[in-house]
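Here the structure is laid out as structure tokens; the discussion comes afterwards.
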Number of protein chains: 2
Amino acid sequence: MSTMVDVAKRANVSIATVSRVLNGQSRVKPELAARVMEAVRDLRYEPNFTAQNLRRNVSGTLAILTPNITNPYYANIIAGIAQAAQENGYSSFLFNTEGKRELEEQILERLTKHQADGAILLAAELGSDWIYDYAREYPVVQCSEFDPRFPIPRVCVDNYKATQDVMEYLISLGHTRIGTISIENRFYSTATRLRGYRDALAAANLPAEEDYIRYATQGYTFKMGFKLARSLLAQEKRPTALFCISDMLALGAIAGAKEMGFRVPEDVTVVGFDDVEYTTMFHPYVTTVVQPCYQIGHTAVELMRGLVQRQQVPQEVILPHRLMVRESSAPYDGLLVNFASRVTGC
Amino acid sequence: MSTMVDVAKRANVSIATVSRVLNGQSRVKPELAARVMEAVRDLRYEPNFTAQNLRRNVSGTLAILTPNITNPYYANIIAGIAQAAQENGYSSFLFNTEGKRELEEQILERLTKHQADGAILLAAELGSDWIYDYAREYPVVQCSEFDPRFPIPRVCVDNYKATQDVMEYLISLGHTRIGTISIENRFYSTATRLRGYRDALAAANLPAEEDYIRYATQGYTFKMGFKLARSLLAQEKRPTALFCISDMLALGAIAGAKEMGFRVPEDVTVVGFDDVEYTTMFHPYVTTVVQPCYQIGHTAVELMRGLVQRQQVPQEVILPHRLMVRESSAPYDGLLVNFASRVTGC
DNA sequence: CTTGTTTCGGTAATCGTTTACTCCACTATA
DNA sequence: TATAGTGGAGTAAACGATTACCGAAACAAG
């Protein structure tokens, strides 16, 4: 491995000149520059990133913290981040934290150790005050999840509005018994969507029964959606529409409803959230809220870049969502088909 | 940000002593060590990774090259890699190369620039001679895809044997008209599975019609499986079983077959490959070859570690696969239901 | 008391860059 | 001709760690 010293010797110039030629900061006589470039080629010289970083006091690297890359929603956001990072000349460290605080903190320490210039968090939980300790000193941006109490730049969709859109749509279809499959976690999006659900019900003077709400206990998984939909639909006065806070839950809910003998959407309407690829694989295609995942990731990197360059960046970027009506939702036909009558075949 | 010099001053020792205390290489009087540790705590000293790396001439970082994180198969392998990397004290750079050579090469250059100690490739194509140029000089390991001509350590399953298992199973079910959905790419696994398919047919004296083979032109996607299954099944003498070289293709194939009015598995048997989560979401659950994705990733990191430490490592690690029989396969009932008779309702 | 051995800690070189400073040669002006 | 001004290149000091080398102190043996 050759270094600048080797190049300098071969080109018969000083290392300062080599550096100048390579970085093009100040002018160098064309003749010398040519000699340097030739030496660089001959020796296959490649600058040592580590040395550059030490000197420049940057790392050119972003740390990405994700609870789980296997989740397609996160995978899509990460794809956006990775792409944008590459475009901006950053590398990106990927860390699976599985939501474990000790791991998250261990990774944020890379900031203090100068191993990363900044961190993008995909799943900041409510009440994670300790994150703010890092954010005060180092560039941190939050993607889709955040705690509104902390002034850490974030990019997300308007979860409240999106939920209102869903609820308005369901109500406009004539549904009056609307259930929701939420989740047991400390995400702001979860709380916001649940609040949106309750507020919409209240605004429309519809009954807000606690028994129309279920909480996934083991993540946004197909299995959970399956199980909870069955529990919701097993009630005497079952809901006729289900608002699921993630597509995976919705997919599971549809399967669960079908397994019980219900038709979707004729007997039960199911709506999801996120718009992952799988929503349009199996019929009924899932009516859902489209989140611009890729763009969320992209924007996060842009904020990051601003932060690193110590520019003023917006505290919050809200990207547009869209209610995508597909096949899993239909007007309420007025006949409240209950569980018993369906399974006995009407 | 405080440095070793600050710590040394505060503890009234030399920086060499600070370093010694922190790294515990040679012995230091307990009293001094205590003073140093106290100063470290007081100043919240954190070693500068970049400086350490420059001096030690390592980066503690692995580069992971993947064509697409959004693909659940790759996502699972990456999860294994990320986990194992963390356990071994490595960070991992993630790069989406989308199979583009210029991007891949740009990233392998990080090796020469000392930004990564080694690279793990998830999708080395056949004939990528240039990869070998890097592998000769730096630690490189290949995950699931590789070119057998190059002696670069790799971890994979036995694709040929796995295909034989699938084919034997299908033949044992009584199928004689077996089609395959392959793909247009330069992966060794693709070639091997196709060879396994052809060899098995020949060994059983079954007709190997070129019209029973289709090639996905746009990746391992649901849409491709959907389209190609329809094309395969539209033939007069349609195949009664379809071997798809990825689960996504199989999922699409099942949907395509259903759309045409075929029942799976009664009218058409479909088998996949990989065993991603989605195979057990919708009925029929997909019969498939289970690849130990997570373990593949894990093993790759272990090989990597050996390589970095200049130990002898095995040239090839073959992990066990398993044929998982589920709902999408059934014995051939002897009645060759053709397309026309099915769609007209028998 | 001298000499040899061992232990411990400090000094300074080093890793490979970037860049502030300095210096030199050359041109322009009076 | 003397002086100031300018562009271009070299010298050396960083950046923050690790570590080879050396010297001082402590102790034991003769």
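Proteins come first, then strands; the chains are lettered A, B, ... in the order of their sequence lines, and each starts at number 1.
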Mapping A/Thr17 and B/Thr17 to their closest nucleotides on DNA chain C, which lands nearer the 5' end?
B/Thr17
Among D/dG10, C/dG9, C/dT17, the one nearest any side-chain atom of A/Arg20 is D/dG10
Please report the distance, rounded to the nearest Å, between CG in A/Asn12 and C1' in D/dA9.
13 Å
Base, sugar-phosphate alone, or nothing: which one does A/Glu46 contact when heavy atoms must sit under 4.0 Å apart?
sugar-phosphate
For the residue pair A/Trp130 and A/Tyr134, does the interplanar ring angle fall in the parallel (under 30°), tilted (30 to 60°) or perpendicular (over 60°) class?
perpendicular
Please determine if a side-chain N or O atom of A/Ser19 lies less than 4.0 Å away from the OP1 or OP2 oxygen of C/dT18.
yes
For the pair B/Tyr132 and B/Asp147, evaluate side-chain hydrogen bond (donor to acceptor under 3.5 Å, both in side chains) and give the outcome as yes or no after the intermediate values.
CA-CA 10 Å; B/Tyr132 192 49; B/Asp147 186 322; over 6 Å; no
d(CG, A/Asn57; C1', C/dT18) in whole Å
12 Å
Does a side-chain heavy-atom distance below 4.5 Å link B/Val317 with B/Leu303?
yes
With the side chain of A/Met4 defined as its heavy atoms from C-beta on, choose the nearest nucleotide among D/dG16, D/dT18, C/dT18.
C/dT18
Between B/Leu54 and B/Thr50, does a side-chain contact (heavy atoms from CB on, under 4.5 Å) hold up when you go through it step by step?
CA-CA 6 Å; B/Leu54 175 61; B/Thr50 309; 5.8 Å; no
Among C/dT14, C/dA12, D/dA9, the one nearest any side-chain atom of B/Ile15 is C/dA12
Distance, rounded to the nearest Å, where A/Asn53 contributes CG and D/dC15 contributes C1'
11 Å
Which nucleotide in the set D/dA13, C/dC8, D/dT19 lies at the smallest distance from any side-chain heavy atom of B/Arg27?
C/dC8
Is the phosphate of D/dT18, meaning OP1 or OP2, less than 4.0 Å from a side-chain N or O of B/Asn23?
yes
Between the base of D/dT18 and the side chain of B/Arg55, is there a donor and acceptor pair under 3.5 angstrom?
yes
Indicate, with a heavy-atom threshold strictly under 4.0 Å, whether A/Tyr45 touches base, sugar-phosphate, or nothing.
sugar-phosphate
Under a plain distance cut-off of 3.5 Å, with no hydrogens placed, do A/Ser189 and A/Asn159 share a side-chain donor-acceptor pair?
no
Taking CG from A/Asp6 and C1' from C/dT17, how many angstroms apart are they, rounded to a whole number?
13 Å
Does A/Asn48 reach a base, just sugar-phosphate, or nothing at all? Heavy atoms under 4.0 Å.
sugar-phosphate
Is a donor-acceptor contact shorter than 3.5 angstrom present between the side chain of B/Arg56 and the base of D/dA17?
no
Quickly work out the A/Leu54 CG to D/dA17 P distance and round it to whole Å.
9 Å
The side chain of B/Val13 lies closest to which of these nucleotides: C/dG10, D/dG16, D/dG10?
C/dG10
To the nearest angstrom, the CG-C1' distance between A/Leu22 and C/dT19 comes to 15 Å
Specify the separation, in whole Å, of atom CZ of A/Phe49 and atom C1' of D/dC15.
17 Å
Taking for each residue the nucleotide of DNA chain D bearing the nearest heavy atom, is the 5' side occupied by B/Ala16 or by B/Ala51?
B/Ala51
Residue-phosphate contact under 4.0 Å: A/Gln52 side-chain N/O, C/dG16 OP1/OP2
no
Got a salt bridge between A/Glu98 and A/Lys100, using NZ or NE/NH1/NH2 to carboxylate O under 4.0 Å?
yes
Between D/dG8, D/dT11, D/dG16, which nucleotide gets closest to the side-chain atoms of A/Ser14?
D/dT11
